[in-house]
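Worksheet: the structure to be examined is printed underneath.
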Amino acid sequence: MTAAARPSKPAVVGEAAPPSPKAGAERAPPVLKFEQVGFSYDGRAIMRDVSFSVGPGEILALLGPSGCGKTTILNMVAGFLRPTEGVAVVDGREIVGPGPDRGVVFQAAALFDWMTVAENIAFSLRCAGAGKARRREVAEEMAALVGLSGFEDAFPYQLSGGMRQRVGLARVLAAGPKVMLMDEPFSALDVQTRETLQEEVLRIRDRTGCTILFVTHSIDEAAFLGDRIFLLNDLQSGAYDVYDVALPAPRPNPENRLHPSFLRLRETIYRRMRH
Amino acid sequence: MTAAARPSKPAVVGEAAPPSPKAGAERAPPVLKFEQVGFSYDGRAIMRDVSFSVGPGEILALLGPSGCGKTTILNMVAGFLRPTEGVAVVDGREIVGPGPDRGVVFQAAALFDWMTVAENIAFSLRCAGAGKARRREVAEEMAALVGLSGFEDAFPYQLSGGMRQRVGLARVLAAGPKVMLMDEPFSALDVQTRETLQEEVLRIRDRTGCTILFVTHSIDEAAFLGDRIFLLNDLQSGAYDVYDVALPAPRPNPENRLHPSFLRLRETIYRRMRH
Amino acid sequence: MTRSEARRARLRYVLVATLSPLAILALWALVAWRGLASPIILPPPSAIWTSFLDMAANGYSGVPLWTHVAASLARVSVAYVAGAALGVALGLLRGRSALIDAVLLAPSELLRPIPPLGLIPLFILWFGVGETSKVLLIFLSVLLIMMVNAQAGVRAASLDSLRAAQSMGANRWQVFRFVVLPSALPQIMTGLRVAMGTALTILVASELLGGDRGLGFLILDASSFFRTTYVFAGVALIGLIGLATDRGLAWAGRRIVHWEGRR
Amino acid sequence: MTRSEARRARLRYVLVATLSPLAILALWALVAWRGLASPIILPPPSAIWTSFLDMAANGYSGVPLWTHVAASLARVSVAYVAGAALGVALGLLRGRSALIDAVLLAPSELLRPIPPLGLIPLFILWFGVGETSKVLLIFLSVLLIMMVNAQAGVRAASLDSLRAAQSMGANRWQVFRFVVLPSALPQIMTGLRVAMGTALTILVASELLGGDRGLGFLILDASSFFRTTYVFAGVALIGLIGLATDRGLAWAGRRIVHWEGRR
Amino acid sequence: QDLKPIRIGFQTGEINVLLSYALGSGLFKKEGLDVATTPFPAGPAMLPALAGSEIDLAWMGEFPSVTGYSNGLPIAILFMERIDATNVRLVVNPKAGIQKLEDLKGKRLGVAIGSTSHFHTLRALAKAGLTSADVTLVNLTPANMPPAYVAGQIDAAFVWEPNVGAMEREGAKPIANTRSLGMITGGVWVGRRAVLDGEPETMKRFLKAWDQAQKDYKANPAEVRAYEAKRVGMTAEQFDKLVEGQSVAHPTFQQTLSADFLGAPGHELDSRLMKHLQGIGAFLLEQKRIQAEPKDWAGLFDTKPIQAYLASASQ
Ligand SMILES: Nc1ncnc2c1ncn2[C@@H]1O[C@H](COP(=O)(O)OP(=O)(O)OP(=O)(O)O)[C@@H](O)[C@H]1O
Ligand SMILES: Nc1ncnc2c1ncn2[C@@H]1O[C@H](COP(=O)(O)OP(=O)(O)OP(=O)(O)O)[C@@H](O)[C@H]1O
Ligand SMILES: NCCS(=O)(=O)O
Ligand SMILES: [Mg+2]
Ligand SMILES: [Mg+2]
């Protein structure tokens with residue numbers, strides 16, 4: 001079954017999607033492109049025929065059932081896994097491995113247990129040769145951003161689950177990559193922290209123009225953050241939908257959470273997910 | 001500041017709470033009781049003066065900001081940590097260590113990497129001396145319950161994040177302890193799976209009469225599952241609120257999600273959490 | 001990495017791993033052939049091979065070569081299996097119980113660095129000059145190494161998995177068997193590899209305890225009679241036994257600890 | 001566990017750990033005093049102490065005791081530090097690069113089980129009868145053990161942490177330094193403990209390589225002259241050095257790998 | 001006839017012509033002995049075995065017998081099994097420019113400190129008017145001397161077969177030996193006191209068998225040597241050459257009781273062997289390898305079994 005032949009598309013698919021609200025993004029060549037990508041773990045195919053592309057500065061939210069392949073898609077973009085079929089392209093070049101242009105917020109935080117919070121956050125700066133003072137400065141700034149001021153010198157095993165998750169986020173924000181791959185980055189956070197950070201992500205995107213792939217299980221979150229929502233129903237048979245999110249700019253505005261088109265989209269997707 | 005002196009209690013506190021909807025539970029002596037419990041990690045106090053009790057068959061939902069001490073409370077109930085002040089009591093006896101009467105769904109799954117999914121699920125049966133066939137039977141049944149049929153012989157590292165989390169849940173359901181301590185058990189699950197499992201948890205409680213402490217960041221989830229909601233605002237200064245949830249029985253009814261008192265409670269708590 | 005890429009990588013690995021010792025052998029043959037080293041100290045590989053064939057055909061000091069090999073293998077394997085089993089058990093116990101650790105600490109750590117040569121007189125006194133002494137000497141060094149590794153391995157057990165087991169009703173023994181042991185396996189497997197090498201090196205010292213068979217005896221005897229090519233042949237046999245067992249253990253380790261580094 | 005409980009537990013540990021060797025010593029003294037063992041072979045602790053004092057005052061074979069100790073410590077420490085550094089580096093490299101692993105596999109695994117006694121003639125030929133040979137012999141065994149441990153340690157690096165480092169711009173060296181090395185540390189620390197014990201046992205063999213000072217020489221010499229009390233005193237010194245270094249390494253290990261088993 | 005058990009320790013690194021023959025040809029069995037042998041790498045390793053009553057009789061060089069006795073081991077020398085006039089030799093590297101003992105000054109000498117190699121070396125130096133301060137003594141085990149020689153690490157070495165032969169094959173030239181220095185060395189049979197005193201019949205049978213072995217050796221050397229040659233894996237020619245090189249003599253029991261060896265009964269302290277052993281005692285004391293010389297030197301020899309055997313044989 002090819003993408004074109006798939007039935008019941010409630011919204012436009014892939015590149016044919018209407019302009020995203022991020023001005024100017026639609027004209028530029030895509031930052032990221034999957035072309036009929038398939039993937040198998042040890043010979044067991046878990047996805048086939050996945051094609052999509054993401055423009056510069058766009059946020060693509062990935063929604064889908066547990067185990068459908070969201071993390072696997074992120075891993076292919078990050079360059080940790082190679083598609084077993086098709087090609088994955090970033091900035092016009094086939095992805096052959098990980099690189100600092102693509103930062104990853106891992107589903108399970110994946111912190112360096114042997115480094116303090118500050119050292120974890122400033123890791124990319126250390127790799128780039130930044131001095132001690134500069135690293136500390138950035139670490140403190142980022143820790144404050146994710147609400148971890150005062151924990152800079154704690155080790156990961158002294159943190160709660162949600163705090164670990166926030167270090168994983170801060171670490172990537174500090175690196176400021178061109179493409180951010182976020183795998184359920186807010187799943188262990190309370191409502192307030194979560195909403196604050198959602199707004200923060202939008203602000204950072206607006207400021208830096210970075211492109212974001214955002215995996216979440218929260219339809220609200222997908223709709224509030226995503227320029228488009230990629231709903232992965234059944235990647236094994238190559239079935240997925242793409243929804244356009246039409247919310248007024250500036251996106252970070254909390255009012256958007258009550259916008260009628262927001263509520264409508266939420267309902268549509270909820271129905272679709274429960275079948 | 002003692003619990004009694006705390007200001008702005010929008011609802012009733014601790015034991016003084018009105019009868020929970022679980023019939024007959026209120027008269028029985030509490031299964032679980034915290035009396036002015038305080039806890040410090042390496043001398044750093046993270047909570048003080050926490051008192052509450054949970055009756056048999058009751059579900060207490062714990063909501064609170066990331067890092068406030070929810071996991072720590074569960075760890076004390078489980079017997080992994082000893083209160084540094086006050087006493088924690090289960091079934092009338094002070095908690096001195098872990099026991100099979102209290103099962104834990106860990107925030108980070110904590111699966112046994114060296115065992116297959118089936119072996120993980122049937123672990124408690126193995127400890128209790130159950131035979132191979134019985135263990136396989138229960139493992140398959142529980143795997144089906146959490147939507148992991150067909151993955152019985154996979155190892156944890158071959159699963160997605162949400163699948164791992166479900167194994168952690170299935171493992172405790174298979175053990176069928178008297179008290180279940182669930183630490184954000186559905187945080188990595190999609191809406192559909194999540195709602196199915198929420199209803200399953202309610203059904204199990206109704207069938208077995210077990211008592212459940214349930215940590216979540218979703219207000220919806222807390223309200224749908226909890227007989228009471230324990231809102232931990234600032235445990236460091238001993239500040240928390242308890243809300244009663246009044247929903248018609250049978251609880252697992254999906255209609256409850258649209259019940260007016262459900263929606264009202266959700267709104268109250270949301271406001272309170274965002275201040 | 002696709003399957004065919006993986007197969008090709010494995011092939012290249014085996015190729016390089018085979019060529020590397022062959023290159024050393026070739027260099028050695030060249031040095032010997034050019035007369036750069038006295039043959040009584042570094043005989044050419046061919047002479048060693050000749051001596052090996054001689055021993056294979058006629059034995060050494062009246063005992064068939066395979067009897068020597070079998071005697072040594074028997075000693076090493078009995079000592080190794082027993083030492084590893086007890087060492088792992090005690091090491092895990094030490095890792096779990098501060099009391100047991102405290103009792104065993106000083107005796108075992110005082111003993112571990114002691115050269116086998118220093119223990120030989122005592123072993124003769126206590127266990128005689130027969131098999132017991134020889135096996136015990138190897139046993140002891142395997143035991144002490146495995147104890148260190150197993151105990152260190154215990155520290156790798158994650159707090160959460162220990163807690164999970166306890167709260168699912170595992171008793172002390174079950175926590176041990178199902179959580180502590182598997183968590184310690186990476187270090188135990190490494191310990192098994194190191195201890196096997198040490199057991200083989202101790203073999204020679206143990207055969208200083210008297211006796212007229214075994215590879216250790218063969219090497220000692222040949223070297224005291226200055227039969228260098230026989231010394232080399234014996235040493236090469238020990239090396240090959242070591243290489244084979246090590247590859248076996250490493251392979252088993254990868255199989256057994258299949259989950260390591262997979263997340 | 002509260003602070004005072006922890007303090008009490010630590011105290012009890014130190015107490016038991018001190019009493020346990022003292023109990024053995026007392027038993028030994030009793031056996032010797034009751035005449036249950038020939039004093040020529042199992043001399044009473046007091047006789048060993050006397051010999052120790054004799055050596056401390058008058059030296060052994062005309063060389064002050066501390067010169068023997070210093071000579072051995074110098075050899076062991078140079079060999080140990082160099083062997084551990086190179087062994088860890090090569091082991092980590094082998095863990096990360098299949099090519100390097102393939103090249104080093106056969107040579108190192110053939111060499112590891114070979115008894116030092118089998119290598120001595122070659123070492124004399126190549127490196128003479130001076131310090132170089134002795135240090136190299138110890139160096140080699142430390143190197144080979146550390147290589148096994150470091151390489152095995154690499155497997156403990158979690159996939160996610162390696163990936164995280166790469167995607168944050170770490171180059172090969174930085175991945176190595178900041179992820180692979182720390183992940184391998186638990187096994188490296190264990191290796192350091194095992195290798196120290198082995199280095200001390202090899203000391204005796206290395207001092208067969210010529211020379212008339214060092215604890216190994218002292219033990220060999222005293223045992224060939226059947227001076228059992230001196231053998232025991234020398235062995236006890238090596239044991240104590242081993243115990244002390246081991247406790248140091250274990251303590252350092254717990255400090256360095258502070259995150260192990262904490263989740 | 002019931003067999004008397006006896007446990008014998010021998011050295012695998014030594015040339016045991018008569019023992020191999022006696023064992024291999026069944027002489028012991030014929031005399032009513034049930035012999036169990038235990039191989040050892042060298043003499044010192046036998047001392048703990050004697051102390052632990054693991055063996056009853058042991059063949060060893062005279063050095064370890066003195067150290068054992070001085071350390072209070074309840075042992076005594078039964079008889080001198082062989083005397084090696086040229087087994088221990090001083091060999092030198094011709095390239096080092098050493099022609100005579102005096103030329104050793106300033107050279108590097110391989111010795112096994114504390115052994116008869118060391119003892120011989122000091123005598124040789126003394127003969128040339130030198131002391132150990134005039135040379136560099138390099139302490140090496142005998143087996144490590146040939147590699148050290150080949151590697152140019154030593155200019156000379158004073159040591160026994162087979163190591164000395166190995167150096168000679170590499171071009172080293174002998175310039176002194178036991179005989180040329182007027183010394184003696186060799187191998188002795190040492191027994192545990194308990195056996196020597198408590199098992200006279202066993203001792204008699206052992207000595208009878210040994211006497212026969214000596215006679216057979218004289219009568220038919222080639223046949224007797226064949227057993228040991230086979231054990232050490234040499235051809236008859238190779239083995240003959242090695243034995244000739246040692247200039248070995250096996251004193252008869254009659255000679256044993258002469259002043260050259262253990263001395264006539266009651267005159268042990270005046271014998272030449274006793275003087276030699278006392279010289280070793282003094283040397284070991286000077287080298288601080290023993291605490292004190294034995295108070296009762298005479299107890300080191302026990303000729304009663306030989307006397308008993310000779311008495312019964314002459315009947
Ligand atoms: N092992 C530890 N050592 C020291 N401090 C710790 C440890 N575990 C938790 N803490 C601290 O205790 C506090 C509460 O942690 P806890 O895990 O109970 O939070 P939580 O409410 O479960 O948070 P989350 O929702 O993020 O999981 C945090 O400030 C954390 O830093
Ligand atoms: N290392 C692996 N080996 C084998 N199979 C794997 C591996 N990792 C993932 N899988 C399988 O691939 C499928 C997709 O996994 P993936 O982690 O991409 O899911 P996901 O969409 O991220 O799920 P979740 O929301 O639960 O995190 C699952 O069926 C899982 O079993
Ligand atoms: N040839 C050496 C014999 S012994 O002195 O070691 O007994
Ligand atoms: Mg995932
Ligand atoms: Mg938590």
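None of these values were measured; they are calculated from a predicted model. Residue numbers begin at 1 in each chain, while the letters A, B, ... track the order of the sequences.
- Taking CG of A:Asp190 as the start and CD1 of B:Ile219 as the end, the distance is 9.5 Å to the nearest 0.5 Å.
- Looking at A:Asp183, neither its backbone nor its side chain comes within 4.5 Å of chain B, counting heavy atoms on both sides.
- Counting heavy atoms of neighbouring residues, nucleotides and ligands inside a 6.0 Å radius, atom CD of A:Glu267 exceeds 12 of them.
- Considering only heavy-atom pairs separated by less than 4.5 Å from chain A, the leading option among B:Gln165, B:Arg44, B:Arg194 is B:Arg44.
- Of the residues considered (B:Arg164, B:Gln158, B:Arg166), B:Arg166 shows the highest number of contacts with chain A, using heavy-atom pairs under 4.5 Å.
- Between the OH atom of A:Tyr270 and the CD atom of B:Gln192 there is a distance of 9.0 Å, given to the nearest 0.5 Å.
- Along residues 60-68 of chain A, the residues that come nearer than 4.5 angstrom to chain B, judged on non-hydrogen atoms, are A:Gly64, A:Pro65, A:Ser66, A:Gly67 in order of number.
- Summarising the geometry of A:Gln107 relative to B:Ala188, their closest heavy-atom pair is NE2-CB, 4.3 Å, with the distance given to 0.1 Å.
- The ring pair (Phe, Tyr, Trp, His ring centres under 6.0 Å) search around B:Tyr157 returns B:Phe155, C:His258, not counting sequence neighbours.
- Among B:Thr216, B:Thr71, B:Val191, the residue with the largest count of heavy-atom pairs under 4.5 Å with chain A is B:Val191.
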